[in-house]
K.L.:
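I'd like to ask you about the structure that follows.
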Amino acid sequence: MSLESHVQAHGYRGGELIYRQGENASSLFVMASGAAKLIRPSAHGQDVVLNILGPGEGCGTLGISGPPQYPDSAMALTDSCALEIPAAVFQEAIELHPRLGLTVLDEVLHRLEQAQETIRRLSADNARQRVAAALLVLADKLGDPRAETIILELPLTRTDLAALTGTTPETVSRVMSRLRDDSIVDTGRCWTTILDRPRLSAAAEG
C-alpha cells in the first residue's frame with residue numbers, strides 16, 4: 001500500500017481553521033510548513049492554547065483509539081501547509097509497517113513527556129520561569145537563528161502565551177517587559193527576538 005497516494009496537501013492562511021472541535025475526526029494532519037496552534041474552549045467559553053505545532057508535528061486523529069470527534073481545534077498561526085492523511089488509511093499503514101507504529105509511539109511518548117514537564121512547571125515554577133521556558137521551546141521549534149539571535153516570526157498574542165504558561169495576559173506583559181528591559185528579548189508586531197539565549201535559559205531555570 002502506498003501511503004503517499006492518499007496524502008493531500010492543503011494550504012491555510014494565518015487564522016484559518018484546519019479542523020474544528022466537534023467535527024467528525026476522520027484525518028491526521030502533519031504540518032509541512034508554517035505553524036499552527038491547538039485550541040480548546042475552557043469551562044468559561046474562552047479558547048485555551050494547548051500547544052504550538054511546527055513542521056513535522058501532527059494533530060487530528062490516528063483513527064486507532066481516539067474519540068469520534070476532534071477534541072480540539074487546529075488553527076494556522078501563519079500561512080501554512082498541512083498534509084492530510086485519512087485515519088483509516090494511516091491505521092492500515094501502521095498494520096502493514098510496524099516500524100511506522102514505533103515512530104507513532106515515540107511521538108506519543110514525547111508528547112506525554114512534554115505534558116508532564118508542563119504540569120511540573122505549572123506547579124513549581126514562577127511566571128518568569130514559565131514564560132522563559134515557553135519562549136525557549138518555541139525558539140527551538142520555530143525560531144530562525146540569525147547571528148547570535150533567534151527570531152520568532154509568529155503572531156503569538158499575550159493571551160496565547162498566557163494560556164501556554166498558566167498565567168494571565170497581564171502577567172505575561174509584565175514578564176516580557178522585564179525581559180526586554182534586561183535585553184534578553186525584543187518584541188514587535190508578530191515577532192519576538194531572543195537576544196540572549198543563555199540568559200533566557202537561566203531565567204527559565206530560576
Side-chain angles (χ1 to χ4, degrees), residues 9 11-16 18 29-39 47-59 72 74-83 103 106-107 109-122 125-167 169 171-206:
Y12 300 92
R13 297 277 190 180
E16 186 177 356
I18 298 173
F29 295 86
V30 178
M31 299 300 296
S33 64
K37 61 180 177 181
L38 295 183
I39 52 180
D47 285 339
V48 174
V49 180
L50 304 176
N51 199 3
I52 304 294
L53 305 178
E57 294 188 293
C59 57
D72 47 42
M75 176 184 290
L77 270 175
T78 62
D79 290 350
S80 305
C81 177
L83 305 179
T103 300
D106 284 343
E107 175 62 19
L109 291 175
H110 177 63
R111 293 285 181 91
L112 179 60
E113 289 173 357
Q114 286 182 320
Q116 291 173 333
E117 175 62 14
T118 297
I119 292 171
R120 186 198 68 76
R121 285 196 174 277
L122 291 177
D125 293 352
N126 59 41
R128 180 181 172 92
Q129 289 174 291
R130 297 182 204 172
V131 172
L135 290 175
L136 285 171
V137 170
L138 292 174
D140 290 342
K141 186 185 297 188
L142 299 165
D144 178 16
R146 299 184 188 177
E148 296 182 0
T149 67
I150 304 173
I151 298 178
L152 270 170
E153 296 189 51
L154 200 64
L156 192 67
T157 67
R158 294 291 185 264
T159 301
D160 290 340
L161 196 51
L164 281 173
T165 55
T167 58
T171 298
V172 169
S173 292
R174 288 195 295 270
V175 170
M176 293 297 289
S177 293
R178 295 192 188 104
L179 291 174
R180 282 197 305 270
D181 291 343
D182 292 340
S183 299
I184 296 175
V185 304
D186 192 13
T187 60
R189 183 176 175 80
C190 298
W191 59 267
T192 301
T193 298
I194 312 301
L195 301 174
D196 194 326
R197 194 186 191 289
R199 292 177 64 201
L200 184 63
S201 181
E205 295 302 322

K.L.:
If I take atom CD from residue E205 and atom CD from residue Q129, how far apart are they, to the nearest 0.5 angstrom?
P.N.:
7.5 Å

K.L.:
Using every non-hydrogen atom in the two residues, find where D125 and A204 come nearest and quote the distance to one decimal.
P.N.:
OD2-O, 4.4 Å

K.L.:
Could you grab the distance from atom NZ of K141 to atom CG of L136, nearest 0.5 Å is fine?
P.N.:
12.5 Å

K.L.:
Can you confirm whether the side chains of T187 and R180 place a donor and an acceptor under 3.5 Å from each other?
P.N.:
yes

K.L.:
Calculate, to the nearest 0.5 Å, the distance between atoms CG and SG belonging to L50 and C59 respectively.
P.N.:
11.5 Å

K.L.:
State, with a plain yes or no, whether a side-chain heavy atom of Y12 is found less than 4.5 Å away from one of D79.
P.N.:
no

K.L.:
Do the charged groups of D144 and R146 touch, with an N to O distance under 4.0 Å?
P.N.:
yes

K.L.:
If you apply the rule side chain to side chain contact (heavy atoms under 4.5 Å, CB included), what do you find for L200 with I194, and how did you get there?
P.N.:
CA-CA 8 Å; L200 184 63; I194 312 301; 3.7 Å; yes

K.L.:
List the steps, then state whether side chain to side chain contact (heavy atoms under 4.5 Å, CB included) holds for T192 with I150.
P.N.:
CA-CA 8 Å; T192 301; I150 304 173; over 6 Å; no

K.L.:
With distance as the sole test, does E57 use its side chain to make a donor-acceptor pair with the main-chain N or O of G54 at under 3.5 Å?
P.N.:
yes

K.L.:
Taking NZ, NE, NH1 and NH2 as the nitrogens, is one of them in E148 or R197 under 4.0 Å from a carboxylate oxygen of the other?
P.N.:
no

K.L.:
Hey, are the side chains of M31 and S80 touching, using non-hydrogen atoms and a 4.5 Å cut-off?
P.N.:
yes

K.L.:
How close do A134 and L161 get, heavy atom to heavy atom, and via which atoms?
P.N.:
CB-CD1, 4.0 Å

K.L.:
Identify the two heavy atoms, one from A32 and one from L83, that lie closest to each other, and give their separation to 0.1 Å.
P.N.:
CB-CG, 4.1 Å

K.L.:
Salt bridge or not for K37 and D160, using N-O below 4.0 Å?
P.N.:
yes

K.L.:
Is it true that D182 and R128 have a side-chain N and a carboxylate O under 4.0 angstrom from each other?
P.N.:
yes

K.L.:
Do you know the tightest heavy-atom contact between V131 and M176?
P.N.:
CG1-SD, 3.9 Å

K.L.:
Can you confirm whether L38 sits close enough to I52 that some side-chain heavy atom of one is under 4.5 Å from a side-chain heavy atom of the other?
P.N.:
no

K.L.:
Does either side chain, that of S177 or that of R174, offer a donor lying less than 3.5 Å from an acceptor on the other one?
P.N.:
no

K.L.:
Closest approach of T159 and P169, non-hydrogen atoms and distance?
P.N.:
OG1-CG, 3.8 Å

K.L.:
Walk me through whether L142 and L152 qualify under side chain to side chain contact (heavy atoms under 4.5 Å, CB included).
P.N.:
CA-CA 7 Å; L142 299 165; L152 270 170; 3.9 Å; yes

K.L.:
Does the E153 side chain pair with the main chain of W191, one donor and one acceptor, at a distance under 3.5 Å?
P.N.:
no

K.L.:
I would like to know whether I39 and D72 meet side chain to side chain contact (heavy atoms under 4.5 Å, CB included); could you show each step before the answer?
P.N.:
CA-CA 6 Å; I39 52 180; D72 47 42; over 6 Å; no

K.L.:
Quick check against the 3.5 Å criterion: does R158 have a side-chain atom that pairs as donor or acceptor with the backbone of V172?
P.N.:
no

K.L.:
Could you tell me the separation between the CZ atom of R130 and the CG atom of L135, rounded to the nearest 0.5 Å?
P.N.:
14.0 Å

K.L.:
Does the side chain of T149 reach to within under 4.5 Å of the side chain of T193, using non-hydrogen atoms?
P.N.:
yes

K.L.:
Identify the heavy atoms of G58 and L53 that sit nearest to each other, and give their distance.
P.N.:
O-CD1, 3.9 Å

K.L.:
Do the non-hydrogen side-chain atoms of T78 and L154 ever get within less than 4.5 Å of each other?
P.N.:
yes

